Amino acid sequence: MENTGSLLNKCKIICKAYEKKILNCPEDELFYQFCDDIIHMAFLIAVSDGYVDVKEVDMINFTFGVSFDYNSLARSYGLDYISDESFMKQIPISIKTVAEIEKRENPHPNTFLEDTRVLYSAMKQFGNDMLNCTGATLKFSVMIQSYFINNVLKYVFRMEELDGFNNSQLNEAMTYTKTRLSQNNTADFVNPNIQQNASNEEKEIERGGLKLKTHSVNENPVKTDNSVQEPDNKADAEKNLESYRGDLSLASGKTAKTHTTSITSNAIDMDTIHEILSEVDNLIGLGNVKKEIHDMVNMMLINEMRRRKGLKNPVVSRHLVFTGNPGTGKTTIARAIGKIYKTLGILEKGHMIETDRAGMVAGYMGQTAEKVTEVVQKAMGGILFIDEAYSLVTDSEGDFGQEAINTLLKLMEDNRDSLVVIVAGYTEEMKDFIDSNPGLRSRFNRYIQFNDYSDEELLQIFKSYVDEQDYILEEGTDGEILSAISRIRSEDGDSFGNARSMRNYFEKVISNQANRLIDISSSAVMDADEDELMTIIKEDLQITCN
């Protein structure tokens, strides 16, 4: 992983390049804005736990070559990190500026915004540095930083999936703060020779309802790795988690509030949340789905913060409707949601039980209720995923699909705190299914649409199968694969299975490769080297569609 200094140097180069694309933009203004945005984030992270340690101030000064003290930071950036107007609920101006210009130059949908992602990575990395610099245990500031970073990434996803982008008056949107930074000692990007003026005597000073801890710092801050290390076994995992738990001390506005409620038994493992979100983010395509997942996590984290502060939370249904064609990642995302719900303490186990009409509907009166009850019991504490759920509703006389629905609705109500149900299927059919029963409408009110993959995304999915199974593609085969994808999509029509179709295509391709190698000579195959056994050539990629 690149360190913060390396990432910031990349950001400086990027900002200089984009400044040239903005009319009348003074030199270095965009980079000053980016630094200002990061410092703003960092100070609010420091403030959010109710105490500002001098090491946190020192981390800012050392990294950016400035000489802020607590008072100048508070005057410049304020103490608010909770209200709707808070910086932590906004998209930084520098990120928006680069993203909008980059999207304007690359208007195609699902285009990766490489330069914007570098700025995002640097901002995220320095946020982690701030969380680690004092060596403190897991605290409220982790949630604040997580919320902010998730929100920025959600914005990047949204920009990347847009089809075209109009110039949004970038010059008017940019408000620079070069004067503020330059008044605080910075001509250079990093200045390791900042003089420390803190006294040797440790003391606490009340400032705006917060307490500033001051003590002498005679050397540059040393980062402490505050993340949960990968354990070797379950016992080590439980021991590691225990060491990151403690009391939650918060400050709101100008009045310091201290919550004495211990969270030892229900601390949120933010490292696991980030790991699960990273797995989701690394999936091919699914831009709008990734945004929905980040939205859900953000809302859950904020609701948990509100609960711990004694505030009321709206009642939100956890059950979901997944709509879209087969092979678009619905099952994969359902499993990820189960893991997220478990980590957040919403579900005890977080496992997923997958079923369909055949697993719920029987042929005789009374047996359907038993089948539904059995599958629900298996899913208790986790996710019940019902694929092609619309098939439960039919007009056939003597069909027991409605009995399955009625039994399911009752069990969902009886076990609403320990069961999450996700129903999935084709978009129009699922709308008709939910509208068929008032009980379904009241329990399923959040929809996530899974769009078909583009040809380019299917190409990447096919290549992932190739890599996973220890095959390699002959150079210059992309055109052949894209041609095959187009033919398969056209031939299959409404039954096209997206990633499933790519899996089937991959299996046909490796069958073609095996036939080609055997046709050469059985004895020659026995002596084939590793490269021959691994390589897929253009001839193997040619298929005959039915």
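Worth saying up front: this structure is predicted, and the values here are computed from it rather than measured.
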Is a side-chain N or O of [X] found less than 3.5 angstrom from the main chain of [Y], in a donor-acceptor match?
X: K538; Y: T477; result: no
X: D467; Y: S464; result: no
X: E102; Y: D115; result: yes
X: N150; Y: N298; result: no
X: R487; Y: I543; result: yes
X: K330; Y: N325; result: yes
X: T368; Y: A362; result: yes
X: T343; Y: K339; result: yes
X: E457; Y: S454; result: yes
X: S6; Y: N3; result: no

To the nearest 0.5 Å, what is the distance between [atom1] on [X] and [atom2] on [Y]?
X: Q367; Y: E403; atom1: CD; atom2: CD; answer: 9.5 Å
X: M41; Y: I149; atom1: CE; atom2: CD1; answer: 5.5 Å
X: Q125; Y: I38; atom1: CD; atom2: CD1; answer: 10.5 Å
X: R441; Y: F444; atom1: CZ; atom2: CZ; answer: 13.0 Å

Derivation of the side chain to side chain contact (heavy atoms under 4.5 Å, CB included) call for I386 and I422: CA-CA 6 Å; I386 306 175; I422 299 177; over 6 Å; no
SB check [X] [Y] (cutoff 4.0 Å):
X: E105; Y: K21; result: yes
X: E413; Y: R443; result: yes
X: K431; Y: D435; result: no
X: D387; Y: R357; result: no

Which heavy atom in [X] sits nearest to a heavy atom in [Y], and how many Å separate them?
X: I461; Y: M502; answer: CG2-CB, 4.1 Å
X: V152; Y: I91; answer: CA-CD1, 4.1 Å
X: H351; Y: K378; answer: NE2-O, 2.8 Å
X: Y341; Y: R318; answer: OH-O, 3.4 Å
X: D540; Y: R516; answer: OD1-NE, 2.8 Å
X: E532; Y: L517; answer: O-CD1, 3.9 Å

Would you sort out whether N9 and K12 count as a side chain to side chain donor-acceptor pair (under 3.5 Å), showing the intermediate values? CA-CA 5 Å; N9 280 320; K12 187 172 186 179; over 6 Å; no
Give the ring-plane orientation class for F322 versus F450, where under 30° counts as parallel, over 60° as perpendicular and anything between as tilted. tilted
Quick one, [X] and [Y] - any side-chain contact, counting heavy atoms below 4.5 Å?
X: I14; Y: F31; value: no
X: P92; Y: Y155; value: no
X: L320; Y: Y447; value: no

How about [X]: does its [atom1] atom have over 12 heavy atoms from other parts shown lying under 6.0 Å from it?
X: K290; atom1: NZ; value: yes
X: E348; atom1: CD; value: no
X: E468; atom1: CD; value: yes

Pair [X], [Y]: side-chain N/O donor-acceptor within cut-off below 3.5 Å:
X: E160; Y: T111; result: no
X: N288; Y: K291; result: no
X: Q449; Y: T427; result: yes
X: T328; Y: N498; result: no

For the pair R117 and V156, evaluate side chain to side chain contact (heavy atoms under 4.5 Å, CB included) and give the outcome as yes or no after the intermediate values. CA-CA 8 Å; R117 292 264 185 167; V156 176; 3.7 Å; yes
In short, ring pair (Phe, Tyr, Trp, His ring centres under 6.0 Å) pairs touching residues 270-300 with sequence neighbours left out are F157-H294
Kindly confirm or rule out a cation-pi arrangement of K508 over Y505, judged by NZ or CZ under 6.0 Å from the six-membered ring centre and within 45° of its axis? no
Check for me whether R503 meets the cation-pi criterion with Y465, that is, NZ or CZ under 6.0 Å from the six-membered ring centre and within 45 degrees of the ring axis. yes
Trace of the salt bridge (Lys or Arg N to Asp or Glu O under 4.0 Å) decision for D455 with R489: CA-CA 9 Å; D455 287 357; R489 192 193 291 272; 2.8 Å; yes
Can you list the steps and then say if N437 with Q402 is a side chain to side chain contact (heavy atoms under 4.5 Å, CB included)? CA-CA 10 Å; N437 187 305; Q402 189 59 52; 3.2 Å; yes
Passes side chain to side chain contact (heavy atoms under 4.5 Å, CB included), V289 versus I333? Steps please. CA-CA 9 Å; V289 176; I333 294 298; 3.9 Å; yes
